[in-house]
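Written out below as C-alpha coordinates is the structure these notes cover.
Proteins come first, then strands; the chains are lettered A, B, ... in the order of their sequence lines, and each starts at number 1. Worth saying up front: this structure is predicted, and the values here are computed from it rather than measured.
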Number of protein chains: 2
Amino acid sequence: MRTKTPTAPLSRAELVSLSNDIRLACMRISRRVRFESDREMPPHRFSVLCRLESTPRTNSELADIERVSAPSMKRTTNTLVELGYIARADDPTDGRQVILSLTPEGRRAVKRVRKQRDEWMLSRFEHLTDEERELLQRAADVLAKVASE
Amino acid sequence: MRTKTPTAPLSRAELVSLSNDIRLACMRISRRVRFESDREMPPHRFSVLCRLESTPRTNSELADIERVSAPSMKRTTNTLVELGYIARADDPTDGRQVILSLTPEGRRAVKRVRKQRDEWMLSRFEHLTDEERELLQRAADVLAKVASE
DNA sequence: TATTGTTATACTCTATAACTATA
DNA sequence: TATAGTTATAGAGTATAACAATA
(Lines give C-alpha, C1' and ligand atoms only; values in the text may rest on other atoms or scores of the structure.)
Protein backbone atom coordinates (compact mmCIF):
# COMPACT_ATOMS: atom_id res chain seq x y z
CA MET A 1 0.00 0.00 0.00
CA ARG A 2 1.62 3.16 -1.19
CA THR A 3 0.96 6.40 0.61
CA LYS A 4 2.91 9.03 -1.37
CA THR A 5 1.60 10.72 -4.47
CA PRO A 6 -0.27 8.26 -6.67
CA THR A 7 2.03 7.48 -9.59
CA ALA A 8 1.18 8.93 -12.95
CA PRO A 9 0.23 6.29 -15.53
CA LEU A 10 3.16 5.18 -17.67
CA SER A 11 3.55 6.94 -20.99
CA ARG A 12 3.37 5.05 -24.27
CA ALA A 13 7.15 5.24 -24.61
CA GLU A 14 7.65 3.94 -21.10
CA LEU A 15 5.28 1.04 -21.80
CA VAL A 16 7.19 0.11 -24.97
CA SER A 17 10.44 0.21 -23.05
CA LEU A 18 8.93 -1.81 -20.20
CA SER A 19 7.60 -4.39 -22.64
CA ASN A 20 11.12 -4.84 -24.00
CA ASP A 21 12.70 -5.09 -20.54
CA ILE A 22 10.21 -7.63 -19.21
CA ARG A 23 10.34 -9.71 -22.37
CA LEU A 24 14.14 -9.88 -22.39
CA ALA A 25 14.38 -10.68 -18.70
CA CYS A 26 11.79 -13.48 -18.94
CA MET A 27 13.43 -14.98 -22.02
CA ARG A 28 16.89 -14.89 -20.45
CA ILE A 29 15.68 -16.41 -17.19
CA SER A 30 13.77 -19.08 -19.07
CA ARG A 31 16.77 -19.91 -21.20
CA ARG A 32 19.07 -20.24 -18.22
CA VAL A 33 16.57 -22.35 -16.28
CA ARG A 34 16.42 -24.81 -19.15
CA PHE A 35 20.10 -24.81 -20.06
CA GLU A 36 21.62 -24.84 -16.63
CA SER A 37 19.27 -26.77 -14.40
CA ASP A 38 18.53 -30.11 -16.06
CA ARG A 39 20.93 -31.77 -18.42
CA GLU A 40 19.21 -35.12 -18.96
CA MET A 41 15.56 -34.22 -19.61
CA PRO A 42 14.81 -32.38 -22.88
CA PRO A 43 11.98 -29.81 -22.61
CA HIS A 44 9.50 -31.69 -24.78
CA ARG A 45 9.81 -34.84 -22.70
CA PHE A 46 9.44 -33.02 -19.44
CA SER A 47 6.39 -31.21 -20.75
CA VAL A 48 4.68 -34.51 -21.59
CA LEU A 49 5.40 -35.92 -18.14
CA CYS A 50 3.82 -32.81 -16.61
CA ARG A 51 0.70 -33.26 -18.73
CA LEU A 52 0.31 -36.79 -17.36
CA GLU A 53 0.83 -35.72 -13.77
CA SER A 54 -2.78 -34.92 -13.03
CA THR A 55 -4.46 -37.50 -15.24
CA PRO A 56 -3.69 -40.31 -17.73
CA ARG A 57 -4.18 -39.37 -21.39
CA THR A 58 -3.97 -40.91 -24.87
CA ASN A 59 -1.25 -40.16 -27.37
CA SER A 60 -3.64 -38.06 -29.47
CA GLU A 61 -4.68 -35.95 -26.51
CA LEU A 62 -1.04 -35.24 -25.73
CA ALA A 63 -0.35 -34.35 -29.38
CA ASP A 64 -3.24 -31.87 -29.32
CA ILE A 65 -2.15 -30.30 -26.04
CA GLU A 66 1.47 -29.92 -27.08
CA ARG A 67 0.50 -28.90 -30.62
CA VAL A 68 2.66 -31.48 -32.34
CA SER A 69 1.61 -34.23 -34.76
CA ALA A 70 0.45 -37.61 -33.49
CA PRO A 71 3.46 -39.49 -35.00
CA SER A 72 5.81 -36.99 -33.44
CA MET A 73 4.18 -37.38 -30.04
CA LYS A 74 4.29 -41.13 -30.59
CA ARG A 75 8.07 -41.02 -30.80
CA THR A 76 8.34 -38.98 -27.64
CA THR A 77 6.01 -41.25 -25.68
CA ASN A 78 7.81 -44.34 -27.01
CA THR A 79 11.06 -42.97 -25.61
CA LEU A 80 9.42 -42.21 -22.28
CA VAL A 81 8.03 -45.77 -22.13
CA GLU A 82 11.52 -47.13 -22.84
CA LEU A 83 12.91 -44.94 -20.08
CA GLY A 84 10.30 -46.36 -17.70
CA TYR A 85 8.68 -42.98 -17.01
CA ILE A 86 5.27 -43.76 -18.48
CA ALA A 87 3.22 -46.95 -18.95
CA ARG A 88 0.74 -47.99 -21.61
CA ALA A 89 -2.60 -49.67 -20.91
CA ASP A 90 -5.45 -50.71 -23.21
CA ASP A 91 -8.67 -48.80 -22.78
CA PRO A 92 -11.22 -51.37 -21.52
CA THR A 93 -14.13 -49.65 -23.29
CA ASP A 94 -12.50 -48.78 -26.63
CA GLY A 95 -9.97 -51.24 -28.07
CA ARG A 96 -8.53 -48.58 -30.37
CA GLN A 97 -7.29 -46.43 -27.57
CA VAL A 98 -4.15 -46.74 -25.46
CA ILE A 99 -4.01 -44.96 -22.13
CA LEU A 100 -0.69 -43.45 -21.06
CA SER A 101 0.07 -42.73 -17.42
CA LEU A 102 3.03 -41.84 -15.21
CA THR A 103 4.91 -44.65 -13.50
CA PRO A 104 6.17 -44.03 -9.95
CA GLU A 105 9.58 -43.46 -11.51
CA GLY A 106 8.11 -40.91 -13.89
CA ARG A 107 6.50 -39.09 -11.01
CA ARG A 108 9.83 -38.98 -9.21
CA ALA A 109 11.51 -37.65 -12.36
CA VAL A 110 9.04 -34.76 -12.57
CA LYS A 111 9.68 -33.82 -8.97
CA ARG A 112 13.43 -34.07 -9.45
CA VAL A 113 13.51 -31.74 -12.48
CA ARG A 114 11.20 -29.22 -10.80
CA LYS A 115 13.41 -29.21 -7.78
CA GLN A 116 16.53 -28.64 -9.87
CA ARG A 117 14.92 -25.71 -11.63
CA ASP A 118 13.64 -24.14 -8.45
CA GLU A 119 17.01 -24.56 -6.83
CA TRP A 120 18.61 -22.71 -9.70
CA MET A 121 16.13 -19.86 -9.27
CA LEU A 122 16.62 -19.89 -5.54
CA SER A 123 20.37 -19.57 -5.94
CA ARG A 124 19.77 -16.42 -8.02
CA PHE A 125 17.71 -14.93 -5.23
CA GLU A 126 20.61 -15.08 -2.82
CA HIS A 127 22.11 -11.97 -4.35
CA LEU A 128 18.97 -9.89 -3.92
CA THR A 129 18.09 -7.62 -1.02
CA ASP A 130 15.02 -8.31 1.14
CA GLU A 131 13.27 -5.38 -0.54
CA GLU A 132 13.97 -6.78 -3.98
CA ARG A 133 12.62 -10.18 -2.99
CA GLU A 134 9.49 -8.63 -1.57
CA LEU A 135 9.05 -6.66 -4.78
CA LEU A 136 9.35 -9.84 -6.82
CA GLN A 137 6.77 -11.52 -4.64
CA ARG A 138 4.21 -8.84 -5.42
CA ALA A 139 5.19 -8.84 -9.10
CA ALA A 140 4.78 -12.62 -9.39
CA ASP A 141 0.98 -12.36 -9.55
CA VAL A 142 1.15 -9.72 -12.25
CA LEU A 143 3.58 -11.81 -14.28
CA ALA A 144 1.30 -14.83 -13.93
CA LYS A 145 -1.56 -12.68 -15.22
CA VAL A 146 0.52 -11.57 -18.21
CA ALA A 147 1.45 -15.18 -18.98
CA SER A 148 -2.03 -16.58 -18.73
CA GLU A 149 -4.24 -14.18 -20.65
CA MET B 1 8.97 4.49 -1.28
CA ARG B 2 6.99 2.37 1.12
CA THR B 3 5.94 4.03 4.33
CA LYS B 4 4.16 1.35 6.30
CA THR B 5 5.90 -1.24 8.43
CA PRO B 6 9.11 -2.47 6.85
CA THR B 7 8.35 -5.93 5.52
CA ALA B 8 9.74 -8.93 7.30
CA PRO B 9 12.24 -10.92 5.24
CA LEU B 10 10.64 -13.80 3.36
CA SER B 11 10.82 -17.20 5.02
CA ARG B 12 12.59 -20.12 3.38
CA ALA B 13 9.24 -21.63 2.41
CA GLU B 14 8.07 -18.36 0.89
CA LEU B 15 11.30 -18.10 -1.10
CA VAL B 16 10.87 -21.63 -2.46
CA SER B 17 7.33 -20.83 -3.45
CA LEU B 18 8.38 -17.52 -5.00
CA SER B 19 11.13 -19.24 -6.94
CA ASN B 20 8.54 -21.60 -8.41
CA ASP B 21 6.10 -18.79 -9.26
CA ILE B 22 8.69 -16.57 -10.94
CA ARG B 23 10.19 -19.46 -12.86
CA LEU B 24 6.84 -20.65 -14.19
CA ALA B 25 5.70 -17.15 -15.15
CA CYS B 26 8.95 -16.40 -16.98
CA MET B 27 8.91 -19.72 -18.81
CA ARG B 28 5.30 -19.29 -19.88
CA ILE B 29 5.80 -15.71 -21.03
CA SER B 30 8.94 -16.71 -22.90
CA ARG B 31 7.17 -19.60 -24.56
CA ARG B 32 4.27 -17.45 -25.71
CA VAL B 33 6.56 -14.69 -26.97
CA ARG B 34 8.36 -17.20 -29.15
CA PHE B 35 5.34 -19.19 -30.31
CA GLU B 36 2.91 -16.40 -30.90
CA SER B 37 4.88 -13.39 -32.03
CA ASP B 38 7.10 -14.47 -34.92
CA ARG B 39 6.25 -17.30 -37.20
CA GLU B 40 9.01 -17.03 -39.81
CA MET B 41 12.21 -16.63 -37.77
CA PRO B 42 13.30 -19.67 -35.73
CA PRO B 43 14.94 -18.81 -32.39
CA HIS B 44 18.42 -20.02 -33.27
CA ARG B 45 18.53 -17.85 -36.41
CA PHE B 46 17.28 -14.79 -34.61
CA SER B 47 19.81 -15.29 -31.87
CA VAL B 48 22.67 -15.33 -34.38
CA LEU B 49 21.43 -12.13 -36.03
CA CYS B 50 21.37 -10.46 -32.62
CA ARG B 51 24.96 -11.53 -31.93
CA LEU B 52 26.05 -9.83 -35.16
CA GLU B 53 24.15 -6.65 -34.42
CA SER B 54 26.89 -4.95 -32.45
CA THR B 55 29.91 -6.37 -34.26
CA PRO B 56 30.90 -8.75 -37.10
CA ARG B 57 32.12 -12.15 -35.97
CA THR B 58 33.50 -15.39 -37.40
CA ASN B 59 31.58 -18.65 -37.58
CA SER B 60 33.67 -20.13 -34.76
CA GLU B 61 33.02 -17.17 -32.49
CA LEU B 62 29.29 -17.55 -33.06
CA ALA B 63 29.50 -21.30 -32.38
CA ASP B 64 31.25 -20.62 -29.07
CA ILE B 65 28.77 -17.93 -28.02
CA GLU B 66 25.71 -20.03 -28.85
CA ARG B 67 27.33 -23.19 -27.51
CA VAL B 68 26.77 -25.26 -30.63
CA SER B 69 29.34 -27.02 -32.81
CA ALA B 70 31.07 -25.19 -35.63
CA PRO B 71 29.42 -27.33 -38.37
CA SER B 72 26.03 -26.74 -36.83
CA MET B 73 26.60 -22.99 -36.74
CA LYS B 74 27.89 -23.23 -40.29
CA ARG B 75 24.51 -24.55 -41.45
CA THR B 76 22.67 -21.77 -39.69
CA THR B 77 24.92 -19.05 -41.09
CA ASN B 78 24.71 -20.60 -44.58
CA THR B 79 20.94 -20.33 -44.41
CA LEU B 80 21.15 -16.72 -43.22
CA VAL B 81 23.51 -15.90 -46.09
CA GLU B 82 21.04 -17.48 -48.54
CA LEU B 83 18.25 -15.43 -47.01
CA GLY B 84 20.32 -12.29 -47.51
CA TYR B 85 20.46 -11.46 -43.81
CA ILE B 86 24.22 -11.78 -43.36
CA ALA B 87 27.24 -11.37 -45.65
CA ARG B 88 30.62 -13.10 -45.75
CA ALA B 89 33.95 -11.31 -46.21
CA ASP B 90 37.53 -12.62 -46.20
CA ASP B 91 39.67 -11.42 -43.34
CA PRO B 92 42.42 -9.25 -44.93
CA THR B 93 45.00 -10.23 -42.31
CA ASP B 94 44.29 -13.96 -42.00
CA GLY B 95 43.24 -15.84 -45.10
CA ARG B 96 41.77 -18.68 -43.04
CA GLN B 97 39.10 -16.54 -41.45
CA VAL B 98 35.75 -15.44 -42.83
CA ILE B 99 34.03 -12.46 -41.26
CA LEU B 100 30.25 -12.53 -41.01
CA SER B 101 28.22 -9.33 -40.67
CA LEU B 102 24.61 -8.18 -40.87
CA THR B 103 23.33 -6.86 -44.19
CA PRO B 104 20.92 -3.89 -44.12
CA GLU B 105 18.15 -6.41 -44.68
CA GLY B 106 19.36 -8.48 -41.74
CA ARG B 107 19.34 -5.39 -39.56
CA ARG B 108 15.78 -4.66 -40.60
CA ALA B 109 14.79 -8.27 -39.85
CA VAL B 110 16.13 -7.99 -36.31
CA LYS B 111 14.15 -4.82 -35.74
CA ARG B 112 11.01 -6.36 -37.20
CA VAL B 113 11.11 -9.45 -34.97
CA ARG B 114 11.86 -7.37 -31.87
CA LYS B 115 8.94 -5.14 -32.68
CA GLN B 116 6.60 -8.10 -33.11
CA ARG B 117 7.65 -9.54 -29.78
CA ASP B 118 7.33 -6.24 -27.97
CA GLU B 119 3.93 -5.68 -29.50
CA TRP B 120 2.79 -9.03 -28.18
CA MET B 121 4.00 -8.08 -24.70
CA LEU B 122 2.42 -4.65 -25.01
CA SER B 123 -0.94 -6.19 -25.87
CA ARG B 124 -0.70 -8.23 -22.65
CA PHE B 125 -0.21 -5.04 -20.66
CA GLU B 126 -3.52 -3.61 -21.78
CA HIS B 127 -5.35 -5.75 -19.26
CA LEU B 128 -3.28 -4.54 -16.32
CA THR B 129 -4.07 -1.65 -13.99
CA ASP B 130 -1.77 1.36 -13.75
CA GLU B 131 -0.58 0.11 -10.36
CA GLU B 132 0.29 -3.30 -11.80
CA ARG B 133 2.25 -1.69 -14.64
CA GLU B 134 4.14 0.50 -12.24
CA LEU B 135 4.93 -2.56 -10.12
CA LEU B 136 6.26 -4.38 -13.18
CA GLN B 137 8.44 -1.41 -14.05
CA ARG B 138 10.15 -1.58 -10.68
CA ALA B 139 10.40 -5.37 -10.87
CA ALA B 140 12.02 -5.27 -14.31
CA ASP B 141 15.39 -4.25 -12.88
CA VAL B 142 15.29 -7.05 -10.34
CA LEU B 143 14.38 -9.60 -13.01
CA ALA B 144 17.25 -8.35 -15.17
CA LYS B 145 19.56 -8.85 -12.21
CA VAL B 146 18.28 -12.40 -11.71
CA ALA B 147 18.80 -13.17 -15.39
CA SER B 148 22.28 -11.75 -15.65
CA GLU B 149 24.16 -13.05 -12.63
C1' DT C 1 -17.73 -45.08 -42.91
C1' DA C 2 -15.32 -42.63 -39.36
C1' DT C 3 -11.79 -42.65 -35.85
C1' DT C 4 -7.59 -44.12 -33.32
C1' DG C 5 -3.11 -45.67 -33.48
C1' DT C 6 0.81 -46.77 -36.07
C1' DT C 7 4.30 -47.05 -39.84
C1' DA C 8 6.87 -44.97 -43.88
C1' DT C 9 9.34 -41.30 -45.49
C1' DA C 10 11.43 -36.85 -45.53
C1' DC C 11 13.16 -32.39 -43.67
C1' DT C 12 15.74 -29.72 -40.11
C1' DC C 13 18.87 -29.03 -36.53
C1' DT C 14 22.06 -31.23 -33.66
C1' DA C 15 26.73 -33.65 -33.15
C1' DT C 16 31.62 -35.93 -33.99
C1' DA C 17 35.24 -37.09 -37.16
C1' DA C 18 37.81 -36.26 -41.17
C1' DC C 19 39.55 -33.27 -44.80
C1' DT C 20 41.51 -28.63 -46.88
C1' DA C 21 43.94 -24.53 -46.67
C1' DT C 22 46.51 -21.01 -44.37
C1' DA C 23 49.83 -19.30 -40.41
C1' DT D 1 52.59 -28.39 -36.62
C1' DA D 2 48.72 -25.86 -35.29
C1' DT D 3 44.45 -23.52 -36.42
C1' DA D 4 40.14 -21.97 -39.11
C1' DG D 5 36.81 -23.45 -42.09
C1' DT D 6 34.41 -26.93 -44.35
C1' DT D 7 32.49 -31.52 -45.67
C1' DA D 8 30.76 -36.30 -44.49
C1' DT D 9 27.91 -38.87 -41.84
C1' DA D 10 24.81 -40.00 -38.19
C1' DG D 11 21.24 -39.17 -34.46
C1' DA D 12 17.05 -37.00 -32.66
C1' DG D 13 13.42 -33.98 -33.30
C1' DT D 14 9.73 -32.26 -36.45
C1' DA D 15 6.16 -33.08 -40.28
C1' DT D 16 2.68 -35.25 -43.92
C1' DA D 17 0.79 -39.32 -46.11
C1' DA D 18 -0.53 -43.98 -46.01
C1' DC D 19 -1.95 -48.20 -43.60
C1' DA D 20 -4.33 -51.28 -39.85
C1' DA D 21 -7.67 -52.12 -36.57
C1' DT D 22 -11.78 -51.02 -34.06
C1' DA D 23 -16.56 -48.44 -33.35
- Item | DNA chain D: 5'-proximal contact among A:Thr76 and B:Val98 (nearest heavy atom) | B:Val98
- Query: How far apart are the C-alpha atoms of B:Glu53 and B:Arg114, what are their side-chain angles, what is the distance that settles it, and do they pass the salt bridge (Lys or Arg N to Asp or Glu O under 4.0 Å) test?
  - Reply: CA-CA 13 Å; B:Glu53 206 180 15; B:Arg114 282 226 182 87; 3.0 Å; yes
- Task: Assess whether salt bridge (Lys or Arg N to Asp or Glu O under 4.0 Å) is satisfied between B:Arg57 and B:Glu66, documenting all intermediate values.
- Result: CA-CA 12 Å; B:Arg57 301 178 194 273; B:Glu66 296 290 329; over 6 Å; no
- Message: Using only modelled atom types and a 3.5 angstrom limit, is any donor from either the side chain of B:Arg75 or the base of C:dT14 paired with an acceptor on the other?
- Response: yes
- Task: Extract, from 5' to 3' on DNA chain D, the first and final nucleotides lying under 4.0 angstrom from some heavy atom of chain A.
- Result: D:dG13 to D:dA23
- Consider only side-chain heavy atoms of I, L, V, M, F, W and Y, link residues closer than 4.5 Å, and tell whether B:Leu52 and A:Leu24 are in one cluster. no
- Query: Got a sec? Which of residues 44-63 of chain B come in under 4.0 Å of DNA chain C, heavy atoms?
  - Reply: B:His44, B:Arg45
- Once you round it to whole Å, what is the distance between P of C:dT4 and CD1 of A:Ile99? 12 Å
- Least distance between heavy atoms, B:Ala139 atom then A:Ala139 atom: CB-CB, 3.6 Å
- Whole angstrom is fine here: how far is it from CE in A:Met73 over to P in C:dT7? 17 Å
- Please indicate whether B:Arg133 has more than 12 foreign heavy atoms, meaning atoms of other residues, nucleotides or ligands, lying under 6.0 Å from its CZ. yes
- Nearest-Å distance, CD (B:Gln97) to P (C:dT22)? 14 Å
- Message: Any carboxylate oxygen within less than 4.0 angstrom of a Lys/Arg side-chain nitrogen, looking at A:Glu126 and B:Lys145?
- Response: no
- On DNA chain C, check which nucleotide each of A:Asn78 and B:Gly95 is closest to and give me the residue with the more 5' one. A:Asn78
- Query: Charged N to carboxylate O below 4.0 Å: is that the case for B:Asp118 and B:Lys115?
  - Reply: no
- Query: Knowing that exactly one of B:Leu10, B:Val16, B:Leu15 qualifies, which makes a side chain to side chain contact (heavy atoms under 4.5 Å, CB included) with A:Phe125?
  - Reply: B:Leu15
- Task: Let me know, please, whether A:Ser69 or A:Thr93 comes out on the 5' side of the other along DNA chain D by nearest nucleotide.
- Result: A:Ser69
- Query: How long is the line joining CD of B:Glu66 and C1' of C:dC13, in whole Å?
  - Reply: 14 Å
- Query: To the nearest angstrom, how far is A:Arg96 atom CZ from C:dT1 atom P?
  - Reply: 16 Å
- B:Arg108 charged N/C atom sitting above B:Tyr85 aromatic ring, 6.0 Å / 45°: no
